[in-house]
Each structure stands twice: as C-alpha cells, then as structure tokens.
Amino acid sequence: MATLGSVPELPEVESYRRLAESALFRTVRSIVTPDAWFLKGGVDGKVLRRALIGHRFVSARRIGKLLVLETDGGPPLGIRFGMTGTLMVDGAAAVGELRYAPRRHDPKWDRWSARFDDGGTLVVSDPRRLGGVLLDPDLSLLGPDSATITGSQLAAALRGSRAPLKARLLDQARVAGVGNLMADEVLWRAGLSPLRPAGSLSANELRRLHRNLVRTVEDLIDRGGSHLGDLMVERQPGGRCPRDGAPLTRSTVGGRTSWWCPRHQV
DNA sequence: ATTGTGGCCTGCCCGC
DNA sequence: TGCGGGCAGGCCACAA
C-alpha cells in the first residue's frame, strides 16, 4: 500500500491551521464560491462577500477538526474539511496526500477561495465535497479539544454512557478532534476495546485513555498526520497487532470500519 | 434525553 | 480493455 496521508483529522487540520497563519493580515479582495453546496449554515456568496471583502483574517484557530479564521471586526469563518478536503495558501498545500482522496490536485475541486489584494489565494479543495464553509460557527456544539482535554473533562464526556467507547470518542460534541483512524490508534495504544461501554471504564482505565489520547494527538501532529500511527500499517486485511502479533479484528463500530487487537484490547 | 442507522458526496479499486 | 459495484468516513437528518 502506498504511503499516503489520511483523512483530515485533528493532526491534519492543525497543519492547515499553521498554514493558514500565512494568510493572516492580508486584505481580502474577492471571494470565489463556485459550489453552493459547499456553503453551509444558510450563507450564500453575497453574505460571504459582505462579511469578508475588504477585511483581513487576524487569527487561525482550531477546535477539533474545525478551522476558524477570525476577521477584523466581522464574524469568523469556519472551514470543515470532511474527509478529502485540503487547504492551500498561495498555491501550496499544507500536508501530503490524503489516504482516501486523489493524489493529484484538480482546480475543479476548488470549492471555495479567497483572493487577497497581493494576488495570493486561500483555497479549499475537496474532491468529495463532504467539507464546507460557514460563517460564525457555533463552537458550543463541540466538546473539549482532544489536544488539550483534561482527565476530568474526558471522564465527564464518557460518564454514564452505554454507547461503545469508540462511538463516544468520535462524537464531536463530546470530544472534539478524534476521527476514525485516530480512534483506532488511541484505543490500541491504551489497550481498550472499542466495544467497551463508554461509561464502564475504571479510574485506571480512564487515566490510561486520557494519557494515550493526549500523547497520541501530540505524537501524530509531530509525525505529520493521523495516518502515521503505529497501528496504521496493519490496518488492512491480514494485519497483525504490532504489539503482540495477534491477527487484528475488523468490524463496524459506531458506524465506522474499526480494527483492533482482540488479545490486548479488552 | 441517548443511541443507532442511512444517506450524502465522488474518485478509486477490484473483479468480471 | 471497459464497465459497474463497493468502498472510504465526516457530518447530518432522522427514527426508535
């Protein structure tokens, strides 16, 4: 299998955020919205132009997988990347190829662009159109960011839930930033089954999960993508646990394809 | 309320 | 060689 990137989970969006910092403090001259489907939350091109043209982005924040570009006086712009979205500034992409996206760039996949007074651009490219752009995103719909979540916040996110642990971790309203690949990696590292009822973890298991979640996020940001976890190369038919060699189990958990080690993830 | 399911989107890959 | 059916998963609407 080729060494590709992965879907835009927290590590990818963090690299997009860093790239977006190079687009700050540059005056927006025009907005290109070729795909009305890509505009979310009831905004249209006219509203976006009124909000952004003549203004500048002044900060690039990330909450979970959501990129928020704050403007000088107007409402912030929210960008979601779905599973194949990439960010480009001045023609350069933030990270390498995405696992489930084409390896090339085609301008027809540019779903949204801002052009600056200096001639540069900020472009959202998304072949499968699962991402989107919105104004003034409601951040209260997102749980604590998994890069900085505290142990007690994680405990609160899981407490009392009978949903599968993995499904709860994927719920962006509970914990923001965990996607399918990173969920498998974190649970594998923590030695916890994705099928465990979320509220059934002991205090020790909670500590273990929290430690591995925060460390994994940091680790994968450093490595450069959610596809660079230790489990990922085995996350395919015939794959074996890198820790103990047991054949990995594949099934659907929380509506997502899941791979885990039946020997040490309990 | 919580939890589960299906659909959206479309390029790519596999088998015929 | 072309074709068609699955597949991938973030997010949302909807059902029970």
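Below, read A as the first sequence line, B as the second, and so on, with proteins coming before strands; counting in each chain starts at 1.
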Rounding to an integer number of Å, can you tell me how far [X] [atom1] sits from [N] [atom2]?
X        : N      : atom1 : atom2 : answer
A:Leu141 : C:dG10 : CG    : C1'   : 15 Å
A:Asp184 : C:dA8  : CG    : P     : 12 Å
A:Ile63  : C:dC11 : CD1   : P     : 13 Å
A:Gln172 : C:dG10 : CD    : P     : 8 Å
A:Lys166 : C:dG10 : NZ    : C1'   : 13 Å
A:Leu66  : C:dC12 : CG    : C1'   : 15 Å
A:Gln236 : C:dA8  : CD    : C1'   : 15 Å
A:Phe38  : C:dC11 : CZ    : P     : 12 Å

Open item on the list: Is there a side-chain contact between A:Lys65 and the phosphate of C:dC11, meaning an N or O under 4.0 Å from OP1 or OP2?
Closed with: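 Checking C:dC11 against A:Lys65, a side-chain N or O does come within under 4.0 Å of OP1 or OP2.
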
Task: A:Leu141: hydrophobic cluster co-members (side-chain, 4.5 Å) - done: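 None, because no other hydrophobic side chain comes under 4.5 Å of this residue.
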
TODO: For A:Arg250, report the nucleic acid contact type (base, sugar-phosphate, nothing); a contact means any heavy atom under 4.0 Å.
DONE: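 If one applies the 4.0 Å heavy-atom cut-off, A:Arg250 turns out to touch the sugar-phosphate alone, with no base involved.
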
Please tabulate, for the side chains in residues 87-94 of chain A, all donor-acceptor contacts under 3.5 angstrom to protein atoms that are two or more places apart in sequence or on a different chain.
from	atom 1	to	atom 2	distance (Å)
A:Asp90	OD1	A:Arg26	NH2	3.0
A:Asp90	OD1	A:Thr121	N	3.1
A:Asp90	OD2	A:Arg26	NH1	3.1
A:Asp90	OD2	A:Arg26	NH2	3.4

TODO: Quick one: which residue pairs count as a side-chain hydrogen bond (donor to acceptor under 3.5 Å, both in side chains) with a foot in residues 249-259 of chain A, not counting sequence neighbours?
DONE: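 Matches after skipping sequence neighbours: A:Lys166-A:Ser258.
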
Task: Sequence-distant partners of A:Arg56, salt bridge (Lys or Arg N to Asp or Glu O under 4.0 Å), two or more places apart - done: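 Counting only residues at least two positions away or on another chain, A:Arg56 forms a salt bridge (Lys or Arg N to Asp or Glu O under 4.0 Å) with A:Asp72.
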
- [ ] If a pair satisfies ring pair (Phe, Tyr, Trp, His ring centres under 6.0 Å) and one of its residues is in residues 36-85 of chain A, list it, with sequence neighbours excluded.
- [x]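 Those involving residues 36-85 of chain A are A:Tyr16-A:Phe81.
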
Open item on the list: Base contacts versus sugar-phosphate-only contacts with protein, heavy atoms under 4.0 Å: please encode nucleotides 3-10 of chain B as B, S and - from 5' to 3'.
Closed with: SS---BBB

Task: A:Arg62 and A:Glu14 ion-paired at < 4.0 Å - done: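 Result for this pair is yes, salt bridge flagged.
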
